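Have a look at the structure below before the remarks.
Note that this is a predicted model, so its numbers are computed, not measured. Both counts, for ligands and for their atoms, begin at 1 and track the order of listing.
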Amino acid sequence: DVQSLLLFSVVFLVIADYVKNRRPNSFPPGPWALPFVGNIFSVDFSKTHESLTKTYGDVYSLRMGQTWMVVLNGFNTLKEALLTQGHCVADRPILPLQDDVAPNQGIITTNGHMWKHQRRFALFTLKYFGVGKKSLESAIVDESMHFCKEIADLKGKEPFNPHIITNNAVANIICTLVFGHRFEYGDEKFMKLMGLLDKGIQIEASIWAQVLYFIFMRVPGPHHTIRKIYSDFMDLIKVDISKHKEDWDPSEPRDYIDCYLMHTDSQATFYEDNLIICALELFVAGSETTSTTLRWAFLYMAKYPEIQEKVQAEIDRVIGQSRQPSMMDRANLPYTDAVIHEILRMGNIVPLSLPHSTNNEMQLGNYTIPKGVVIIPNLTSVLFDKKEWETPYTFNPGHFLNEEGKFVKRAAFIPFSAGKRVCLGENLARMELFLFFTSFMQRFTFSMPSGVKPVLDYRFGVTLAPIQYKICTELYCSSNITPKQQH
Ligand code: HEM
């Protein structure tokens with residue numbers, strides 16, 4: 001009868017799923033996976049890792065639907081996988097959403113030739129326009145002035161939410177890189193760009209959007225909004241590309257677009273639609289990340305006023321109030337540098353890095369991981385590794401200082417990940433964080449509105465970001481300068 005046929009079919013499908021998706025031999029262990037869905041509903045990615053490593057060790061596996069994932073934990077494991085055997089885990093898994101809207105385009109989600117060409121080009125361009133040289137550096141210094149003016153214009157000690165203004169300031173640096181200029185914060189085109197980015201990032205970062213896309217790719221529905229966002233973004237950038245073509249001097253490229261146009265005829269992976277996707281990715285990867293870190297910075301400074309005072313005193317001593325900070329100052333500001341590193345460590349804004357996948361079979365300890373398995377480098381487990389940090393869960397700039405107060409590098413400091421896929425904007429991000437942070441600390445003291453305690457809780461989205469908050473700023477006034485010298 002129908003009932004037994006149904007029961008037989010279900011049992012058959014469960015057995016088929018079990019046989020098809022059994023853990024391969026010598027594969028890392030992991031929790032029991034439900035038929036069809038695997039561990040999708042049993043694992044909370046923001047919390048469960050510590051308990052899983054206790055049971056299964058530093059390398060364990062999870063099944064997400066039909067896909068196997070191996071999660072890597074702890075400094076030694078990540079070092080072995082990402083650095084020593086980096087050539088085995090250089091690929092990204094293909095995600096249905098990205099594959100539909102920008103198949104094999106851009107840098108972040110591509111593999112092979114496409115990825116190599118685009119990554120190399122972007123790194124070269126970033127270097128050319130000034131990580132360490134003048135141009136992007138001066139753009140950041142200039143932007144921090146605009147930011148400070150915006151804050152100074154706010155009335156007195158009125159609490160404000162720093163989210164949007166920080167996003168704007170940071171996005172303007174990517175605008176300078178891509179378009180060759182910044183925008184006023186109220187500019188219509190800029191606001192449109194920021195709106196699209198915000199919507200696009202929220203969708204791309206949502207696991208549910210990815211799942212919906214996977215299941216209902218061919219069915220029209222709200223999950224397809226992302227296509228509209230991509231096409232609106234393309235329209236916006238196409239106008240700029242046309243303008244660039246009109247007044248373009250190949251001997252003096254002004255920005256990323258100019259440099260890209262020089263390549264479009266020479267190599268097959270360089271074409272205009274790909275330029276747009278790469279530009280979009282620079283915005284996506286380079287705005288929210290740095291902006292979130294700065295928002296953690298304000299919060300930590302408000303929570304630890306004594307650390308804030310020490311930073312201000314150091315800046316006062318080395319730079320004073322009469323000039324803007326520059327990258328040359330970094331070596332003379334070890335305490336400030338250590339505080340920025342500790343903000344990045346504790347902020348832990350990309351806790352599971354981005355997914356990698358094995359492009360070769362890989363031997364990790366006693367385990368064999370076949371080609372095509374998704375690899376999750378758990379950066380949290382390294383940034384808070386008890387074996388690497390003296391006080392892993394306490395905000396402690398001393399992690400980056402030696403006994404004489406000199407700055408020391410720490411190998412387990414990997415908020416930008418490591419190896420072949422290491423963050424492409426690491427140098428730019430470090431420069432932005434240093435220049436923005438020192439400029440803010442030079443001028444303002446951050447504090448919570450009266451009666452409000454700083455909450456270090458986070459929400460898990462695109463980045464691990466502080467919950468929206470309001471903060472107060474007061475003009476910083478050092479004891480050794482007269483009020484007249486201040487502004
Ligand atoms: C990738 C962190 C800022 C561009 C990544 C990854 C992490 C990361 C963890 C994944 C690495 C991996 O897969 O192993 C951060 C943090 C930032 C930051 C913490 C700021 C505080 C930036 C900026 C840019 C950028 C400013 C652009 C200018 C990229 C790109 C990738 C990437 C393009 C993909 C690289 C590839 O697949 O080859 N970032 N990032 N990031 N980041 Fe960043």
Side-chain angles (χ1 to χ4, degrees), residues 72 78-79 81-83 86 89-95 98 105-112 114-131 136 139-140 143 166-167 169-178 197 201 204-205 255-256 277-297 340-341 343-357 359 374-380 382-383 413-437 462-465:
L72 308 178
L78 264 78
K79 198 165 96 177
L82 298 180
L83 295 174
V89 292
D91 272 3
R92 295 260 187 240
I94 310 283
L95 299 172
Q98 271 74 24
Q105 287 177 335
I107 313 162
I108 304 178
T109 57
T110 47
N111 294 322
M114 175 60 82
W115 166 67
K116 268 195 195 131
H117 285 176
Q118 300 304 319
R119 183 176 166 102
R120 201 181 303 140
F121 171 79
L123 279 171
F124 169 80
T125 314
L126 275 164
K127 211 165 168 196
Y128 183 81
F129 286 116
V131 173
L136 277 174
I140 301 166
E143 196 61 45
T166 314
N167 275 4
V170 169
N172 249 339
I173 304 307
I174 307 290
C175 286
T176 307
L177 171 68
V178 174
L197 271 178
I201 290 178
E204 288 207 18
D255 47 41
Y256 192 85
I277 298 298
C278 291
L280 173 61
E281 288 189 346
L282 290 175
F283 276 103
V284 169
S287 303
E288 187 68 23
T289 43
T290 313
S291 161
T292 304
T293 311
L294 286 171
R295 281 184 284 124
W296 277 121
I340 295 171
H341 279 71
I343 291 164
L344 273 164
R345 187 187 74 81
M346 289 287 286
N348 182 27
I349 63 157
V350 197
L352 299 173
S353 187
L354 294 180
H356 290 227
S357 84
N359 41 324
V374 176
I375 302 287
I376 307 286
N378 182 1
L379 302 185
T380 314
V382 183
L383 295 173
F413 178 74
I414 54 163
F416 299 97
S417 188
K420 294 201 182 299
R421 285 276 180 169
V422 65
C423 172
L424 183 145
E426 174 171 357
N427 285 336
L428 176 61
R430 283 168 173 273
M431 182 155 81
E432 287 185 64
L433 292 173
F434 177 77
L435 292 172
F436 276 129
F437 184 71
V462 192
T463 55
L464 204 152

Qualifying residues under ring-ring contact (aromatic ring centres under 6.0 Å, His included), relative to Phe413, sequence neighbours excluded =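 By the ring-ring contact (aromatic ring centres under 6.0 Å, His included) rule, Phe413 matches His341, Phe400.
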ask   = Taking only residues two or more places apart in sequence or in another chain, which ones pass ring-ring contact (aromatic ring centres under 6.0 Å, His included) with Phe434?
value =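 Not a single residue meets the ring-ring contact (aromatic ring centres under 6.0 Å, His included) criterion with Phe434.
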Give me the pairs of N or O atoms, one from ligand 1 and one from the protein, that sit under 3.5 Å apart.
| residue | atom | partner | partner atom | Å |
| --- | --- | --- | --- | --- |
| ligand 1 | 13 (O) | Arg92 | NH1 | 2.8 |
| ligand 1 | 13 (O) | Arg92 | NH2 | 2.9 |
| ligand 1 | 13 (O) | His356 | NE2 | 3.0 |
| ligand 1 | 14 (O) | Ser353 | OG | 3.2 |
| ligand 1 | 14 (O) | His356 | NE2 | 2.8 |
| ligand 1 | 14 (O) | Ser417 | OG | 2.6 |
| ligand 1 | 37 (O) | Arg92 | NH2 | 2.8 |
| ligand 1 | 37 (O) | Arg421 | NH1 | 2.8 |
| ligand 1 | 38 (O) | Trp115 | NE1 | 2.9 |
| ligand 1 | 38 (O) | Arg119 | NH1 | 2.7 |
| ligand 1 | 41 (N) | Ala285 | O | 3.4 |

request  = Apply ring-ring contact (aromatic ring centres under 6.0 Å, His included) to the pair Tyr256 and Phe121, showing each step before the final yes or no.
outcome  = CA-CA 10 Å; Tyr256 192 85; Phe121 171 79; 5.3 Å; yes
ask   = Quick check: does any side chain N or O of Asn359 sit under 3.5 Å from a backbone N or O of Ala90, one acting as donor and the other as acceptor?
value =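 It does hold such a pair.
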ask   = Is Ser291 reaching over with its side chain to a backbone N or O of Val170, donor-acceptor style, under 3.5 angstrom?
value =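 Here the side-chain-to-backbone pair does not exist.
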N/O donor to acceptor pairs below 3.5 angstrom from side-chain atoms of residues 278-289, sequence neighbours left out:
| residue | atom | partner | partner atom | Å |
| --- | --- | --- | --- | --- |
| Glu281 | OE1 | Ile107 | N | 2.6 |
| Glu281 | OE1 | Ile108 | N | 2.8 |
| Ser287 | OG | Phe283 | O | 2.8 |
| Glu288 | OE2 | Arg295 | NH2 | 3.4 |
| Thr289 | OG1 | Ala285 | O | 2.6 |

